[in-house]
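Remember, predicted model here, so these are calculated numbers, not experimental data.
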Amino acid sequence: MKKGYIAFAALCAAALASCTCPSAGEQRLRPSEYVSTLVGTQSDFSLSTGNTYPAIALPWGMNFWTPQTGKMGDGWAYTYGAHQVRGFKQTHQPSPWINDYGQFSLMPVRGEDKFDEESRASWFSHQSEVAKPYYYKTYLADHDIRVEITPTDRAAMMRFTFPDSKESGVVIDAFDRGSQVGMVDDRTIVGYTTRNSGGVPENFRNWFVVRFDTPFSAIELTDAPGGYKPGSNLLYPEGQKSVTGEHAVAKVHFATRRGQQICASVASSFISPEQALQNLRELGSDDFETVKSKAQARWDDVLGRIEVEGGTDDQYRTFYSCLYRSVLFPRKFYEVTDQGEVVHYSPYNGEVLPGYMYTDTGFWDTFRSLFPLLNLVYPSVNAEIQQGLANAARESGFLPEWASPGHRGCMVGNNSASVVADAVVKGTNDKDLGVLYDAMVYATEHVHPTVASTGRWGHEYYNELGYIPYDVNIPENVARTLEYAYDDWCILQVAKKLNRPQAELDKWAARARNYRNVFDPETRLMRGRLRDGKFQAPFSPYKWGDAFTEGNSWHYTWSVFHDVEGLVDLMGGREQFVQMLDSVFVVPPIYDDSYYGFRIHEITEMQVADMGNYAHGNQPAQHMIYLYNYAGAPWKAQYWAREVMDRLYSACPDGYCGDEDNGQTSAWYVFSALGFYSVCPASDEYVVGSPLFRKAVVNLENGNKIVLEAPDNSPENRYIGAVQFDGKSYTYNFLRHSDLVKGAGVRFSMRPDPDYTRGTEPGDAPYSFSRE
């Protein structure tokens, strides 16, 4: 750990208080009150317990805010073990590994100078910190200033409570790499920041406006805050004054009395300074408390779409903290003009164009359960996201695979196909299907000219041989082959909806079986294969990377989402398949890190979880627990699903077992707590696990409800003895999306020991392509 064990022990006392159960008879809270935005923030480069930051935002909001403990440009913007705050930053960061863009910060201070991030930094304590989705508060001890923040989609209001001082002020830092800041009048600061980490056109700027409710008495401006001398550029309100340079910073001055509150209204735009002013109008004439109240109401509405009861306070906090993370990304990247028109600055070609745009998500992570969750609970939001994907295809020729804000080079696969197909199959989106289908097909034979992870790297080999060879200098070749095969099956589903010619359907169906080409019958594992057809040698199933992506063969062998029964047959049948699944948890957490040359944090997270070689902290293995349902051993899925929920998740700062990754790891918990999971997005089915609560109600957008009851549920009663669907006995190990959205009642009879007879017939297994 970055600060060491002693520092961690000293800091964790306050956090642990949030992880205790309430006294008997305590009333339930509003959904937003169960959320802690600090979950996952006790992370660093070597060990991730989420790699999150406390995002002060609305669901899917364009702009987030966060306290900044790290230095400018540090992907770990806020870490729980830090002692000082350097500013309160507008952020668009989806991950520390991707880093930020369009960022700037405000920092209230007391005293002269205080321009640069070192001199203005202040100690703070979690004991005086309140971290909610709709509201953040902390106390800056070195300045004797209390800071509060509350958001709208594209704006925010900050309230600073100052001491008695003639040297009070607020520093507006536009960050380095090219920025501007200036004064419009004695209440208003404007500027722009260009700082980014890639994925933007040449003309990228984030224009911002800061409007105070109290006139400032003076302003200081500099483009060199580190070498600035106080008073050398002191300006008084005499028209517009500004500075443009490498690193523009402004400091506005106030003379304050103790307890005086000054509010700053802040907004930004990727389109223009005029649009930034328009976005500021989201605040209207509301005061701080009204903005805060509206933000909380919005969170209660979104989080309240799923109601749970019959659990512990810890479970409620964990569930709603996970649901909060599930509805942050992808974020809105569109804006609304004064005429009510939806427009966006294109991160693909730099133009301002009509229509929706969302960004900041990696489909390699989020296709698995985040997008299925949107399609079930928030389909109207995903309908907008799908329209944005069509716009991305029009503007760049490709669907994004990792967008932040435009195409970024990260991860493998062509999983935009899954994201589109799941929405199409589940009826979420019926617009632009021709555009989306054409883009999916185009990607199967092209690679983006500057971003190799967009499109399909190695498509020439894959389309000719049915796999990407191990010996052609294309890394992670088995992972790519497996994901391309699943993605081809996803394209097949959309092709069927569009009634494409039979020859097209046959092509995608044949390619969907390509996963077989990298299965080694000798080891019963997926394995690199050479151009001549031989398997790679030597071979270690414990080797991370190389032929796989952030995992090993034990993790990736199960990535046949669409045809698990086909994989069962390759392994020799159900009994052998279950033995191989069991082995993942039985073999010790040994590893080979020679591909990377050092132990990456995902390996450490697997080791410390104490679940053998199962690596829930990274996405490739997250569905495999549910595969027991395909092989006649559903009770093993029930055991391990509950084990992972109970042991690897909490509402504490170390509440995740690896990178949270834009809602994916959180959505796994949300689905699993309800009692089912989306093993194969773009199918109509969810696979049954073990419900966590005695009752859960999903309030659907169409007005129907899904009522999930398990009245005998308890920590001991994790096994399913019987299921009733709408009052009728139900033996299947899956639930159909098309049945659930009509409104449904599912009742689980829970018991302390496995039922070795229910759900064991071949017909009880979920969908597999081989059965078509």
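Annotation: cation-pi pair Arg258/Phe162 absent, no NZ/CZ under 6.0 Å from the ring centroid and within 45° of its normal. In this structure, Arg28 is positioned above the aromatic face of Tyr316, its NZ or CZ under 6.0 Å from the six-membered ring centre and within 45° of the axis. A cation-pi arrangement is absent between Arg368 and Phe671, since the terminal nitrogen or guanidinium carbon is not both under 6.0 Å from the aromatic centre and inside a 45° cone about the axis.
Under the 6.0 Å cut-off for aromatic ring centres, Trp76 and Trp97 qualify, their centroids lying closer than that. Between Phe104 and Trp65, the distance from one ring center to the other falls under 6.0 angstrom. Taking the six-membered ring where the residue is Trp, the centroids of Phe64 and Phe329 are separated by under 6.0 Å. Checked against the 6.0 Å centroid threshold, Phe124 and His83 do not count as a close aromatic pair. Between Tyr649 and His616, the ring centre distance stays below 6.0 Å. Ring centroids of Phe333 and Tyr356 are separated by 6.0 Å or more, keeping the two rings apart. Between Phe371 and Phe363, the distance from one ring center to the other falls under 6.0 angstrom.
One N or O on the side chain of Ser128 and one on the backbone of Ser125 form a donor-acceptor pair closer than 3.5 Å. Panel note: side chain Gln315, backbone Thr312; a donor-acceptor pair is recorded below 3.5 Å. Between the side chain of Gln90 and the backbone N or O of Ser105, no donor-acceptor pair lies under 3.5 Å. The closest donor-acceptor contact from the side chain of Ser179 to the backbone of Asp176 lies at 3.5 Å or more, if one exists at all. Not one N or O on the side chain of Arg205 forms a donor-acceptor pair closer than 3.5 Å with the backbone of Gly191. Using modelled atom types, one side-chain atom of Tyr53 and one backbone atom of Gln93 make a donor-acceptor pair closer than 3.5 Å.
Contact check on Asp173 versus Arg120 returns a salt bridge, with a Lys/Arg side-chain nitrogen under 4.0 Å from an Asp/Glu carboxylate oxygen. Looking at Glu660 and Arg325, no side-chain N of the basic residue comes within less than 4.0 Å of a carboxylate O on the acidic one, giving no salt bridge. The pair Arg408-Glu401 does not meet the salt-bridge criterion, since no charged nitrogen lies less than 4.0 angstrom from a carboxylate oxygen. A salt bridge links Lys89 and Asp100; the closest N-O separation between the charged side-chain nitrogens and carboxylate oxygens is under 4.0 Å.
Annotation for Met357 and Pro347: closest pair CG-CD, 4.4 Å, computed over non-hydrogen atoms. The shortest heavy-atom contact between Asn206 and Ser269 is OD1-O, 3.3 Å. Of all heavy-atom pairs between Val39 and Thr52, the closest is O-OG1, 2.7 Å.
Looking only at atom types and distance, the side chain of Ser666 has a donor-acceptor partner in the side chain of Tyr656 under 3.5 Å away. Donor-acceptor pairing under 3.5 Å is recorded for the side chains of Gln619 and Thr665. In the model, Ser268 has a side-chain atom that pairs as donor or acceptor with a side-chain atom of Asn63 under 3.5 Å. Side chains of Gln296 and Ser32: a donor-acceptor N/O pair is present below 3.5 angstrom, by distance only. Of the N and O atoms on the side chains of Glu384 and Tyr358, at least one donor lies less than 3.5 Å from an acceptor on the other residue. Side-chain polar atoms of Glu282 and Thr152 form a donor-acceptor pair below 3.5 angstrom. Side-chain N/O atoms of Asp360 and His92 include no donor and acceptor closer than 3.5 Å. Neither side chain, Thr161 nor Gln260, offers a donor N or O lying under 3.5 Å from an acceptor on the other.
One distance of note links CG of Asn662 with OG1 of Thr366; it measures 6.5 Å at 0.5 Å rounding. Taken to the nearest 0.5 Å, the CG atom of Asp654 stands 5.0 Å off from the CD atom of Gln42. Here the straight-line distance linking atom OH of Tyr669 with atom OG of Ser369 works out to 14.0 Å at 0.5 Å rounding. In this structure, CD1 on Ile149 lies 4.0 Å from CD1 on Ile56, to the nearest 0.5 angstrom. Expressed to the nearest 0.5 Å, how far CE of Met157 lies from OG of Ser265 amounts to 3.5 Å.
You'll find the side chain of Arg599 reaches within 4.5 Å of the side chain of Gln607, heavy atoms only.
Residues that satisfy the ring-ring contact (aromatic ring centres under 6.0 Å, His included) test with Trp299, not counting sequence neighbours, are Tyr324.
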Do Leu374 and Trp60 pass the side chain to side chain contact (heavy atoms under 4.5 Å, CB included) test, and can you show the C-alpha distance, the side-chain angles, and the key distance before you say yes or no? CA-CA 12 Å; Leu374 296 181; Trp60 308 287; 4.0 Å; yes
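In the displayed structure, Arg298 atom CZ is contacted under 6.0 Å by more than 12 heavy atoms of other residues, nucleotides or ligands. Counting heavy-atom neighbours within 6.0 Å of Arg187 CZ, excluding the residue itself, gives a total above 12.
For residues 278-298, the set of pairs meeting the ring-ring contact (aromatic ring centres under 6.0 Å, His included) definition, not counting sequence neighbours, is empty.
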